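To start, the structure under review is shown below, and the notes come after it.
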There are 2 protein chains.
Amino acid sequence: MPRRRITQTDVAAMAGVSQATVSFVLNGSTPAGVRISEETRQRVLDAIRITGYTANPAAQRLAGGGLAQILGVFTYEATFPRASRDFYGPFLTGIEHAAERLGVDLLLFTSAPVQDGRRRLTREGWQRLGVADGCLLLGQHEHRGELQHLLDTNYPFVFIGKRGSDGGRLPYVGADYVGGTVRQIDRLVALGHRRIGYVGMRGTDQPTLDRVDGYRSAMKAQGLTTRFVELDDVAATAAEIVDQRFTAVVVAPENHPEELADELERRGRRVPDDVSVLLLGQPHHPRRGGRPWSGFSVPREEMGARALYLLSRLVADDSPKRDRGTGRTPTDLELHQILVCPDVEGGTAAPARDPRPETDNRTDPA
Amino acid sequence: MPRRRITQTDVAAMAGVSQATVSFVLNGSTPAGVRISEETRQRVLDAIRITGYTANPAAQRLAGGGLAQILGVFTYEATFPRASRDFYGPFLTGIEHAAERLGVDLLLFTSAPVQDGRRRLTREGWQRLGVADGCLLLGQHEHRGELQHLLDTNYPFVFIGKRGSDGGRLPYVGADYVGGTVRQIDRLVALGHRRIGYVGMRGTDQPTLDRVDGYRSAMKAQGLTTRFVELDDVAATAAEIVDQRFTAVVVAPENHPEELADELERRGRRVPDDVSVLLLGQPHHPRRGGRPWSGFSVPREEMGARALYLLSRLVADDSPKRDRGTGRTPTDLELHQILVCPDVEGGTAAPARDPRPETDNRTDPA
DNA sequence: GCCTGCTAATAATGCGCATCATCAGATTGA
DNA sequence: TCAATCTGATGATGCGCATTATTAGCAGGC
């Protein structure tokens, strides 16, 4: 029993009309001045109902007709490992939500080969992209050539996460790491902190750059000295924090804040009583019974949703059927969206215990 | 700039050959005795490399050639709400993992309309399914007609979760709730428990039926009396447990075990010292700092992965290109897989405090 | 010189659909 | 009564690919 699809031709035969007529009835609108009588229309609709006809999307796509109503999601890093699952999960949740509301299906490009933990968009990959009307891109390390190909083929796509250098032409939905970080510094200053360290400046990814940027400008605006702590392991970092008599530190979530706090307490510095620790984003690997972090959170779900909405509009505007629309020009869509990262009131921030400068009675650990 | 795809014809022109030749080179095998010289082959491959040609999957699909290498995932319940996200997440993780290994893409059918929290597979939906080579079905409440259509069209699919009544012909990957529950009873008996209650027998879903089944048969095998507690709210349930002097209860995860334990302790019965509570599955809404439950866990990730593998094989066997394969008959695939639910050693099970029968000083509550 | 056998490739076809150009028949205007 | 208009529909075409049938060219056997 070779599964035979019911085609428009089958329906047409049953209704006693031509295949073209069926197509017209289905698409409602008739571009050229083609008219279908109500009677015929009903006959066709009945035939469709009886046969249970379902259009073949591949054929629709090929015939250049409509969109597939499929939007793709490409993740540069492999999403599978538990770790990144925690990270990507919220994005996907937001994306799914938006997809439901838009009535589109989601295509997860899980087929692209992962090389050293990073998914590449190979030639093979390009083939697959075509199934979707457009694509969301998640992750940091996009490849130059790949991007160029996207632009060349005029394939609609949207990045999740701000694109910095020469990202001017790339549509994205990002988070305001700069503003979020600035606010954390201001909060700490308001609590009486002066010696505020920054942990985790390594990395050339955009979030890191933005956080450092925010830290620098906020400290400068407050007239304070920037102090970066950048050591190889958590223990050394904690030692340095103690040593430098910081009363507060801001930490990027990928820098093992949980372990850092543990190390601090092991050295007799309680969090937040002795040292406030603010997290610049959500913990990447939340652990059971972990600390309730203060800091800011990245609105990942909303980013996902907004990105999909944006993509959806790009696709619509890009579609050959665009002219049927409201005639709205593409320029009124915000190609670069930066979302606010709301503050999180946890339990790791407290007023500075002793704002006055102490004697320099440090002991050298490492 | 109307995005123009590069087609096989373009490649052919560049290589100075016919479109058919390009197709042959790409597909390697030539069913009929068509030969391509090594020299020509190279010329075509070069042209492909230069042009960056990527096949159009829609066309491939339409031409009846290969599979789209896309497998679908249809979720009956809306996956979006946080609650069900926690539940479905692990399945999806497993599915994704399998998809990566199989080199297929995943199509999430988020487009189907959700009616009172349940997604329906409407006519619209059928259209969409066709994009994928086959489909995974998640969730309890499938619609009869929908299933029939699947069977009629011979569309490959696999259920996640055991199918009971007349599910004989439906391929599925389920979990051994029966066995898992039996083992919990046996564990409790080994710990000296005799008065073992069952909480949460409502519901006609398969897991519930299986759990009740397991409880019944295990208790019978141990020569003990089955005792079901089925009240409307958690407080009343806790009261009943205390009242009946159960030394242990097994609870289905959808019955608010966390709240139940709280209520028990509020009534002076510590868990597990006074009452052991075993969970028949993972908590549906894990809460921060929740109890470390003893019981068994449902291997959701593995179920997802196994289901996708199974689907993949069904698709392959069903494909018109099957004959090229090893000639393996479809019958050697296990259409009904039941996975073991491993025991979880948490902290909510303890030896029965007082195994000897007490006087029957109960007070009647509701 | 003609047929056979073999290699290397091409032409032609169809998948299911959207769309354009065309057409038959009915109605109207003069 | 014949052309002009309108209504309601059909035939033909092509999307990009896989595949089958066919052909061109050439070596060898008789």
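Note that the structure is predicted; figures quoted are calculated from it, not measured. Letters A, B, ... mirror the listed sequences (proteins, then strands); counts begin at 1.
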Is the phosphate of C/dG16, meaning OP1 or OP2, less than 4.0 Å from a side-chain N or O of A/T7?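 Looking at the OP1 and OP2 atoms of C/dG16, neither is under 4.0 Å from any side-chain N or O of A/T7.
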Is A/T21 near enough to D/dA9 that one of its side-chain N or O atoms lies under 4.0 angstrom from OP1 or OP2?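 Answer is no, no contact under 4.0 Å.
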Using atom [atom1] of [X] as one end and atom [atom2] of [N] as the other, report the distance to the nearest whole Å.
X     : N      : atom1 : atom2 : result
A/I6  : C/dC15 : CD1   : P     : 16 Å
B/R41 : C/dA9  : CZ    : P     : 12 Å
B/R61 : C/dC17 : CZ    : P     : 13 Å
B/N56 : D/dG16 : CG    : P     : 7 Å
A/R35 : D/dG8  : CZ    : P     : 8 Å
A/I36 : D/dA9  : CD1   : P     : 6 Å
A/Q60 : D/dG16 : CD    : P     : 17 Å
B/E39 : C/dA9  : CD    : C1'   : 13 Å

If you check every side-chain atom of [X], which of [options] has the closest atom?
X     : options                : result
A/F24 : D/dC17, D/dT19, C/dT19 : C/dT19
B/A63 : D/dA9, D/dG16, C/dA18  : D/dG16
B/S37 : D/dC17, C/dC17, C/dA9  : C/dA9
A/L62 : D/dA18, D/dG16, D/dA12 : D/dG16
B/Q19 : D/dA18, C/dT19, D/dA9  : D/dA18
B/S18 : C/dA11, D/dC17, C/dA8  : C/dA11
B/A55 : D/dA18, C/dA18, D/dC17 : D/dC17

Do B/D46 and B/R43 meet the salt-bridge criterion of a basic N to acidic O distance under 4.0 Å?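 Salt bridge between B/R43 and B/D46, a charged N being under 4.0 Å from a carboxylate O: no.
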Could you point out which residue of A/L107, A/L92, A/L311 forms a side-chain contact (heavy atoms from CB on, under 4.5 Å) with A/V73?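 Considering A/L107, A/L92, A/L311, a side-chain contact (heavy atoms from CB on, under 4.5 Å) with A/V73 is found only for A/L92.
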Among A/D133, A/V158, A/L136, A/I95, whose side-chain contact (heavy atoms from CB on, under 4.5 Å) with A/L71 holds?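 That would be A/D133.
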Looking at every strand, decide which applies to B/V17 at a 4.0 Å heavy-atom threshold: base, sugar-phosphate, or nothing.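 The residue B/V17 makes sugar-phosphate contact but no base contact.
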Using heavy-atom distances to pick each residue's nearest nucleotide on DNA chain D, tell me which of B/T9 and A/A20 is more 5'.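 Its nucleotide being nearer the 5' end, the pick is A/A20.
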Would you check if A/L106 and A/L308 make a side-chain contact, meaning some heavy-atom pair closer than 4.5 Å?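 A/L106 vs A/L308: side chains touch.
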Would you call the rings of B/F109 and B/F74 parallel, tilted or perpendicular if under 30° counts as parallel and over 60° as perpendicular?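 Tilted, since the angle between the ring planes falls between 30° and 60°.
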